[in-house]
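Just so it is clear, the model here is predicted, and its values are computed rather than measured.
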Amino acid sequence: MPHAVSQLRAERLARSTKPFLARGGSRRAHCPGCRLVPSHCICALRPLCGTRAGVCLLMHDIEPLKPSNTGWLIADVVADTFAFGWARTEAAPALLALLADPRWQPYVVFPGEFVDPARVVHTLAPQAGEGGAPAAGRRPLFVLLDATWPEARKMFRKSPYLERLPVLSLHGDAASRYRLRRSTRDDHFCTSEVAAQCLALAGDARAGALLQAWLDLFSERYLQAREQRPADADSAAHRQLLMAAHA
């Protein structure tokens with residue numbers, strides 16, 4: 001079964017009036033499962049993992065189409081991943097239903113410095129449920145805005161259905177290891193790196209480690225294919241993924 005981001009990509013392609021050509025992307029055929037050229041395919045290594053937490057990806061218009069998008073990698077690893085396209089004027093009914101589902105406690109993951117301090121949390125302490133009922137049994141649901149930083153700020157401001165949700169602000173000391181898109185700041189993390197931090201915070205440390213290792217291997221194979229280098233089946237990234245999968 002195609003996962004949530006794969007399905008969203010198919011829906012977005014069906015609405016396109018012309019082919020999507022990624023800047024710097026390869027014109028060669030790509031594997032539909034991992035988006036890499038067949039010679040560098042990693043589908044056989046995919047480490048799907050059960051988690052207590054879930055991830056809800058709110059994706060800007062063309063993010064599902066980008067071959068370097070890392071929201072796809074989250075859906076590869078985390079079974080409970082949901083994906084929705086973002087629009088300024090409306091929200092998908094299924095998204096609103098998910099955010100209102102009493103089985104989940106949603107958190108919008110966003111830097112606290114841009115948010116009213118009253119909404120900001122740094123841990124997953126139980127939140128009050130509807131009518132003051134305790135929410136200790138609800139599973140964490142991390143709402144990630146999958147977009148460029150300027151787009152994500154706009155999405156955050158113009159999504160009224162997110163205003164009632166607590167904002168989880170992460171504090172990470174490590175620099176981003178993501179190499180497929182440029183950023184002017186080392187503390188700007190890609191979507192998969194943010195999700196890995198969230199999973200660790202929720203107690204899903206193994207899933208977080210698997211996701212980071214999966215991102216590292218995907219990035220390595222993507223660059224090897226782009227630079228027309230053979231896939232290295234004995235690389236440090238490959239070995240790290242195998243170690244994380246058997247931990």
Side-chain angles (χ1 to χ4, degrees), residues 1-27 29-36 54-78 80-100 106-111 114-115 141-165 167-168 176 178-185 188-195 198 211 215 218-219 222 226:
M1 282 287 293
H3 57 52
V5 181
S6 177
Q7 293 178 41
L8 186 60
R9 181 180 187 275
E11 293 167 8
R12 180 61 180 81
L13 282 172
R15 300 197 310 270
S16 300
T17 57
K18 58 182 180 180
F20 175 77
L21 299 177
R23 183 172 57 185
S26 171
R27 298 289 198 271
H30 288 70
C31 170
C34 66
R35 303 165 297 156
L36 296 170
V55 176
C56 174
L57 294 166
L58 197 52
M59 308 184 78
H60 203 268
D61 183 46
I62 64 170
E63 282 297 328
L65 303 181
K66 294 179 180 178
S68 58
N69 174 268
T70 67
W72 184 292
L73 304 179
I74 300 170
D76 281 342
V77 175
V78 179
D80 285 320
T81 298
F82 310 87
F84 303 92
W86 181 83
R88 183 179 61 82
T89 56
E90 59 183 353
L95 168 62
L96 300 180
L98 176 65
L99 298 179
Y107 297 87
V108 185
V109 183
F110 202 76
F114 301 102
V115 186
L141 179 70
F142 300 111
V143 180
L144 306 183
L145 307 182
D146 195 7
T148 65
W149 173 235
E151 291 167 348
R153 293 184 69 174
K154 176 182 177 181
M155 292 164 67
F156 185 83
R157 294 194 312 269
K158 296 183 178 295
S159 302
Y161 48 88
L162 300 179
E163 292 176 357
R164 65 178 179 82
L165 304 179
V167 175
L168 177 64
S176 171
Y178 185 56
R179 298 175 289 162
L180 303 187
R181 297 189 209 172
R182 293 180 180 176
S183 176
T184 57
R185 292 177 54 175
H188 278 184
F189 295 94
C190 75
T191 307
S192 275
E193 289 175 315
V194 172
C198 290
L211 179 54
L215 168 66
F218 173 82
S219 300
Y222 185 100
R226 189 170 70 184

Test side-chain hydrogen bond (donor to acceptor under 3.5 Å, both in side chains) applied to Ser192 - qualifying residues, sequence neighbours left out: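 None.
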With Arg12, which residues qualify under side-chain hydrogen bond (donor to acceptor under 3.5 Å, both in side chains), at least two apart?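 Once residues adjacent in sequence are excluded, the partners of Arg12 under the side-chain hydrogen bond (donor to acceptor under 3.5 Å, both in side chains) criterion are Ser16, Asp61.
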Does any part of the side chain of [Y], heavy atoms only, come nearer than 4.5 Å to the side chain of [X], both counted from C-beta?
X	Y	value
Asn69	Arg35	yes
Cys56	Val143	yes
Leu144	Ile74	yes
Leu98	Phe84	yes
Leu99	Leu162	yes

Contacts of Phe156 that satisfy ring pair (Phe, Tyr, Trp, His ring centres under 6.0 Å) - sequence neighbours left out: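 Counting only residues at least two positions away or on another chain, Phe156 forms a ring pair (Phe, Tyr, Trp, His ring centres under 6.0 Å) with Phe110.
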If you compare all heavy atoms of [X] against all heavy atoms of [Y], which two are closest, and at what distance to 0.1 Å?
X	Y	value
Cys198	Phe142	O-CZ, 3.4 Å
Ala152	Ala147	N-CB, 3.9 Å
Val78	Thr81	O-OG1, 2.8 Å

Evaluation steps, side-chain contact (heavy atoms from CB on, under 4.5 Å), between Leu58 and Met155: CA-CA 9 Å; Leu58 197 52; Met155 292 164 67; 4.2 Å; yes
Yes or no on side-chain contact (heavy atoms from CB on, under 4.5 Å) for Val115 and Val108, after CA distance, side-chain angles and deciding distance? CA-CA 11 Å; Val115 186; Val108 185; over 6 Å; no
For residues 85-95, dump all side-chain donor-acceptor pairs below 3.5 Å to protein atoms at least two apart in sequence or in another chain.
residue: Trp86; atom: NE1; partner: Ser159; partner atom: OG; Å: 2.7

What verdict does the ring pair (Phe, Tyr, Trp, His ring centres under 6.0 Å) test give for Tyr222 and Trp72, after you've listed the backbone C-alpha separation in whole Å, the side-chain angles of each residue and the deciding distance to 0.1 Å? CA-CA 14 Å; Tyr222 185 100; Trp72 184 292; over 10 Å; no
For [X], all residues meeting side chain to side chain contact (heavy atoms under 4.5 Å, CB included), sequence neighbours excluded:
X	value
Pro2	Ser6, Gln7
Arg157	Arg153, Lys154
Ala83	Ala4, Val5, Leu8, Leu57, Met59

With a 3.5 Å distance limit and no angle check, can you tell me whether Glu63 reaches the backbone of His60 through a side-chain donor-acceptor pair?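 No, the answer is negative, given that no donor and acceptor are paired below the 3.5 Å cut-off.
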Euclidean distance, Leu73 CG relative to Thr191 OG1, rounded to 0.5 Å: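 Here the rounded value is 9.5 Å.
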